[in-house]
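Report on the following structure.
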Amino acid sequence: MKAAIYFFITVLFILSQSCNKLVQVPNPINTITTSQTFGNDDNATAAILGIYGYMSWNYNSLSFSNGATTIYAGQSSDELKSFGAASPFQTNTLLANNNLVKGYFWKPTYYAIDMANAAIEGLQASSSVSKSVKDQLTGEAKFLRAFSYFYLTNFFGDVPLILTSDWNKTALLPRTPQKEVYNQIVKDLQDAQSLLPSDYAIATERTRANKWAATALLARVYLYTEDWTNAELQATSVINNSSAFYLEMDLKNVFSKTSNETLLQLQVADASPRATFEGQQFIAPTVTSSPRYYITPQLKQSFEDPDNRKGAWLDSTKFGGTVYYYPHKYTVRQQLTPGIIPEYYVLLRLAEQYLIRAEARAHQQGKISDAINDLNIIRERAAANPLSTSLDQSQALIAVAQERRIELFAEWGHRWFDLNRTGLADSTLSAIKPQWKTTAKLYPIPESELSIDNNLKQNPGYF
Amino acid sequence: MCRHFDSKSTVKVSQQLLRAMKLTSLLLVTVYMNVWATGFGQKVTLSGKDLPLEKVFSMIKKQTGYAFFYDYSIFQDTKPVTLNLKDAEIEDAMRVCLWDQDLDFSITNKTISVVKKMVKKAETARGGDPEKTIKAQGTVLAEGGQPLSGATVTIKQTKRSTLTNAKGEFELIGIPNKAVLVITYIGYNTQQITFDEKTPIQVRLTAAVNQLDEAVVQAYGTTSQRLITGNIGKVTSSEIERQPVMNPLMAIQGKVAGLDISQTSGFASAPFKVELRGRSTVGDFSADPLFVIDGVPLSFADVSGQSNYSGGSSGFLQTGFGGPANGQSPLFGINPADIESIEVLKDADATSIYGSRGANGVILISTKKGKAGKTKFNLHLQQGIEKVTRFYKMLDTKQYVIMRNEAFKNDQMTYGAIPGVTIPDEGNAYDLVLWDTTKYTDWQKALWGGQGKTTDIQTGLSGGDSRTTFRLGAGYNRTTNILSVSGSDQRATVSMNITHRSVNQRLNIGMTAAYSYTQSDMIFLPGAVNFAPNAPAIYDSTGKPNFTGWGGNTNNLDARGAYPFSGLFQPYVSKTNFLNSNLVLSYQLMKGLSLVTSFGYNTANANQQQFNPIISLDPASKPTGTSNWGYNSNKNWIIEPQLTYNSVIARGKLSALVGGSAQQTNTDGLLITGSNYTSDNLIKSVTAAPKVTSRENYGEYKYSAVFGRITYNWDNKYIVNLNARRDGSSRFGPNKQFGNFGSVGVAWVFSEEPWVKDHLTVLSFGKLRASYGTTGSDAIGDYQYLSRYSSNNGQPYNGISVLVPTQASNTEFQWQVNKKLEAAVNLGLFKDQINVQVAYYRNRCGNQLVGYPLPLFTGFPNVTANSPALVQNDGWEFTGLAKVFNGKKFSFSVDFNLSINRNKLVSYPDFNLSPYVGTFIVGKPLNIVRRLHFIGVDPQTGQYAFYDKNHDGIITIDYSGKNSDDTYVLDMSPKFFGGLGVNMGYESFQLSLFFNFKKQIGFNAISQGVNPPGYINTNQRIDVLSRWQKPQDITNVARFTTQPTLFDASYFPYGSDAGRTDASYIRLSNLSLSYNLPVNYIRKINMESCSIFLHMNNLFIITRYKGIDPETQTFGAMPPSKTIVAGLSFGF
């Protein structure tokens, strides 16, 4: 009897002693910990490339950074129409539960921001990543964060400003005024300018942000915040680096991956046989196929004559007796040989810098003729007639808007943002869209976010 | 009263006083024994030959510390004593000493009084000598001859008991002649025999078949409904066998009170949502109970993160690619024909010994075991058909065209004539312009109109002798589904069970192993009902996908893109090997004390293949082929050493169990995708793929525990049961890994009380029981506390493998605690012809482990964390069984269960700042939805109208729920559900019917069309014809439109209470008829038994619900079918 009791106790003792060991598991084989990630230069670099890769790929789905901005903001403005039933983007009747707004514009943008935040924190905490790599990577993370916030705030207005990956601190944040978001963007870009190298030595292609990408985006941000002097200053600094960047005289080369006009491209992840999403979605497979999207008659008519951009950057399909024109800046619909992609997503290019400078100058008395000269550089390449340098300010601003509309059509939602920031959206869009409402300028905050964060408030006009 | 303790002085004690003392002592013994549990210190070990009695007394005194009280004169006529006692109870020792002496004794509070015997004349006169006590020896055996160890043998008159040893032997000394011995053993009928000096005796117990006494499997042992202190529901093999289903879960649907089971899709292998006693957390994790098969927990890590509350667990498929059925039920690999019983453990008393994993209840599956006796061979064949029960009534082509044209007309009136928008052309109206508007296809019949076939063959061989038993089983089942295209499920199983005992009966070995192979061929099914009735055919003239027919000669990409049948050409197959094995070694160290060790191992390997050949894709898009290869591996071992101790203490039986558990689970899901195939000939080889990508999910889970249980059963009248467990799980961060759980259960069988026995003869059984305790849950993913990066899903960038963060990390989460309270009354009436149980429970779950929703702007949609929500489920469960008539020729019985659960979010600190503020309401059930109130169609605009509750002139939805119009709350949990079974037998015929019923609210099938009536290429239910057409029309269906706004259908289903409707039903879920051929006839052909049967499932349903089936509320999903099988069963 006593023996049995001792046995009981011994068994219990052994079990309770070994309990701790029995519940220890090694770290999972298919992942590494955050401290390992920022434990050496290579892993840390892989974490930054992960942000680019995500922005380019988004698990084989559209996202703000790989074509969705072009396709959907294009429909929201007066550039594009979808064939067949009109989409709510096109009719400006988005609902707060729209899955595309959430899946293409809200979620991937914030996910990229979170990855940048985590990287900045990880790099900061790391003592084993070398100084030069740490600067480089921190600069890239800040650039990508600024880039993402730029699109967020332009689509949604005031947005929560998230600068840490610690969900405990951010889960209940309200929206931050747009002005503060812009301040942060400027700060990140200025940091990026000082941290990043001025060449493309780290990658064989122009697929990672450097100082010039940060400068170009900063010029655009100053333009959007109507800081004309700084916009001009930054744009000039890019334009003056003429050894690295110059306009491709052949319009067909502007969007190729070897284009010298490009400041930053996102490599297309070769997950599927498509090339860019824009190429896949815009280009009709045969000359008699129905188009998926086509440009509006208004855009078609706004091309001047002569203008080579009409021929180079548009293509058409004749379907059911009607000719439909569609954007053809990206010329490849799918990979011809798997893995060989001739085009990447062009995030920033030199022509926009001329247009930024033109607009910034047109707002400054005494620089209007310089502004026209900038426009004429762009027009000259397209073989359009040069504008007279004696336009007055309002004529110059109209000319800038027109040039931006043509040069930057079907590209990164430029037209949609331009209409909104210059106050022309209501007058322009109400004329052609029966369901236009002034509140449609901002997309709705996804309904599911509002239900999770009670401090978040919806944009007017949505419920 | 004066006392002399072991004094040599002679004391005269009057006889009367002595008698009084005897009585008092008896009473005291009765009381004290109970309280003191006279265990270990008072045992006597004595041996010797011809010892003087006086000396023996002093030796006993020495050993036990008991005092003696006697008059010296008693030793005058005593005989010397010869004895050999080892660890004997003091009472027994005294009996042996006074054997054949003219003395009597009594024990009072550590004092033994010895007096001279008084002769009772009346009894002597009857002849014989009833006062003469003797020794009884015997053996207790089961029907098959195996000894029953631990059976209780009680002398009815004195209530003294003992337990049988490993060989089933017992010995009782000092019992009166003609004593009645009561022999009880759990799971067997109690037997009484009158002992008449013929010794040794042999008792054979028969297995109990009545509901109260039949064996009920519990955690680490067995019990019976009579003695249990907790709540365990049981479904037996006979009920399971009647159902022609592949998944055993389907066979217990509606059979167990409190258990709500629903299948998530029409595919046989699909996961089930299993919920016991209501939703207990605000989180979205699967609420599956713990499944334990023959003692081996079926655990697998949810590494793919696919499991969720409404869809259940994706089971063995952990690649993140769930296939058409969105996972595979882990029980799909278990052959229902191999199952002996399924026990559902519900309350704290029953589940607390599973500690951390008992929060959602436990389902124990026990497979069939061999029985000693003649070797038997069983053969069971059945074959049958499956068909859809009914179809939706949809618009025909003529009505459809009217709808579409009217929609355009309405839009022109609203927005004007806008080319491409409100004027039909080939872009916005290919269904009218491009397609033949006279063609008609009933797409439901085209896709679901097939007839499934089911074939089931089961064989079993079993037998054995008193030391060794075995059962071997093999089965094959093939069921093709109702799809007119293709699809089938197959399962082949082999199972075996061997038990063996050593010659000395001390060592027991039990080995069980079951292997199954399942194969599910499926396709991704298009939601068949919605296509335009005039849409072109599925196949072109060569049998290929009819893209050209859909897109027409003009190459309309939209119309081509609308072609929904690509999935029919994209085969999916999942093949699973599943092995579950268990070895139990048990060694009886000494009488009552056994060491039991259970080793369990199961492994599941599931291979998935899915092909998207070029032929299935639109040639206009110059497609390339893709193949998907999923490799899922799940390995799981467990070792559980236990010590069990059984003993009789006073009039009670004590059972104690102490054990430990160590478990490890490794789950791996690897998905390899081959893409860019340019030829379909190569698609079945992943190495031939021009491009290969892969993704891996991995989890390792370790778990260990110590646990204990003590049960004390006083005279089958008062029962106390205590459970405790300390658990550790690798799923928690450092210093959070361990948790303690425990429970207490008590029962009072008041029908054993004399006042009930004497006055309430109609009441054959009555028990009150109650339990309270805690259980926990670690049902979360592995490694959730780690902050980590992976390259798993990333594409390389710049040719370099990338790293991305995989989860929001939280090191702080810890065990969830569920507190369960239950009280119940069990009654047996008219000699247990009617058995009723009424149970009330209240479960509270706090510190809940949830996937805490985060706004997407934090970077992740959720993080594993503890939520401070306190959720309560309380409810009533009624179960009853009435053998209304039980004659020789005719029998009739009815069983019934009903469950009523009330769910409530009791409290939530700082609820307004929680992510659930838009979802839940404190004080209301969790499964609520907040809706606008539908008030009909605006007679002016023809659009839907909703009640403006806050009278602000507009319809607003505000997620704080404060000041908006969407405050109409609907509770989507079932109000009550249950089942009713009727069993009838007439001579050799058996008929049984089983009805399921449920009272609930569900999705309104009318309003679920994704697109509103009038939308392109979208057919609608026929009910939409009552639509608004012109101002002043009063109707409930809005105008047709191609340009839906908020007040067209989009908010009708999702935003208002009209989207939900009553979905209550009564279903005849099973009808089974069988006929046993006459025995004397079949004996001639050397057959033991032969029966013919007809089983039918889902024969009809009574409901007001307007969809196909109130359980499958998704409009367009594959509906549940009805199954009719016929078969033969032979026994040799």
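A, B, ... follow the sequence lines: proteins, then strands. Residue 1 opens every chain. As a basis for the values below, the full set of heavy atoms in this structure was taken, side chains included, without hydrogen atoms, waters or symmetry mates.
Looking only at distances, no side-chain donor or acceptor of A:Thr31 sits under 3.5 Å from a matching main-chain atom of B:Arg788.
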What do the steps show when you test B:Phe857 against A:Leu456 for side chain to side chain contact (heavy atoms under 4.5 Å, CB included), and what is the final call?
CA-CA 11 Å; B:Phe857 62 69; A:Leu456 216 55; 3.9 Å; yes
Go through it in stages, so that I can follow the logic: the residues are A:Ile51 and B:Tyr797, the test is side chain to side chain contact (heavy atoms under 4.5 Å, CB included), and I'd like the CA-CA distance, side-chain angles, deciding distance and then a yes or no.
CA-CA 9 Å; A:Ile51 311 175; B:Tyr797 191 80; over 6 Å; no
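Applying the side-chain hydrogen bond (donor to acceptor under 3.5 Å, both in side chains) test between B:Asn798 and each of A:Thr45, A:Thr207, A:Thr204 identifies A:Thr207 as the sole match.
For the atom pair CG of A:Asp166 and OG of B:Ser787, the computed distance is 10.5 Å after rounding to the nearest 0.5 Å. Note: B:Leu786 CG to A:Thr34 OG1 = 8.5 Å, rounded to the nearest 0.5 Å. In this structure, CG on B:Asp558 lies 11.0 Å from OG on A:Ser289, to the nearest 0.5 angstrom. One distance of note links OG1 of A:Thr317 with CG of B:Leu557; it measures 8.0 Å at 0.5 Å rounding.
Between chain B and the residues A:Thr322, A:Asp453, A:Ile452, A:Asp114, the most heavy-atom pairs under 4.5 angstrom are made by A:Ile452. In terms of heavy-atom pairs under 4.5 angstrom with chain B, the leader among A:Lys457, A:Lys107, A:Gln435 is A:Gln435. Of the residues considered (A:Gly53, A:Ala203, A:Pro88), A:Gly53 shows the highest number of contacts with chain B, using heavy-atom pairs under 4.5 Å.
Nearest heavy atom pair, residue A:Tyr110 against residue B:Leu856, reads CB-O, 3.8 Å. When every heavy atom of B:Pro796 is checked against every heavy atom of A:Gln267, the shortest pair comes out as O-OE1, 4.3 Å. A:Ala171 and B:Pro855 make their closest contact through O-CG, 3.2 Å (heavy atoms, listed as atom of the first residue, atom of the second, distance). Here the shortest heavy-atom pairing between B:Val917 and A:Ser451 reads CG1-O, 3.9 Å. Closest approach of A:Trp167 and B:Ala808 over heavy atoms only: CD1-CB, 4.0 Å.
Of the atoms belonging to A:Thr91, it is side-chain heavy atoms, and not backbone ones, that fall under 4.5 Å from chain B. Only the backbone of B:Ser914 comes within contact range of chain A, with heavy atoms under 4.5 Å apart. Using a 4.5 Å cut-off between heavy atoms, A:Leu49 touches chain B through backbone and side chain atoms alike. Using a 4.5 Å cut-off between heavy atoms, A:Phe83 contacts chain B through both its backbone and its side chain. Looking at B:Thr626, there are no atoms closer than 4.5 Å to chain A (heavy atoms on both sides), in backbone or side chain. A:Phe38 touches chain B through its side chain: at least one heavy atom from C-beta onward sits under 4.5 Å away, while N, CA, C and O do not. Neither the backbone nor the side chain of A:Thr93 comes within contact range of chain B; no heavy atom of the residue lies under 4.5 Å from a heavy atom of that chain.
Within a 6.0 Å sphere centred on NZ of A:Lys169, other residues, nucleotides and ligands contribute 12 heavy atoms or fewer.
Take A:Thr37 and apply the side chain to side chain contact (heavy atoms under 4.5 Å, CB included) test, not counting sequence neighbours, and it matches A:Ile32, A:Ala47, B:Tyr789, B:Leu803.
The shortest side-chain heavy-atom distance between A:Ile162 and B:Thr858 does not fall under the 4.5 Å cut-off. Side-chain contact between A:Val25 and B:Tyr701 is absent, with no heavy atoms from C-beta onward closer than 4.5 Å. Residues B:Val802 and A:Tyr52 form no side-chain contact, since every pair of their non-hydrogen atoms from C-beta on lies 4.5 Å or further apart.
Between B:Phe860 and A:Tyr111, the ring planes lie tilted relative to each other; the angle falls in the 30° to 60° range.
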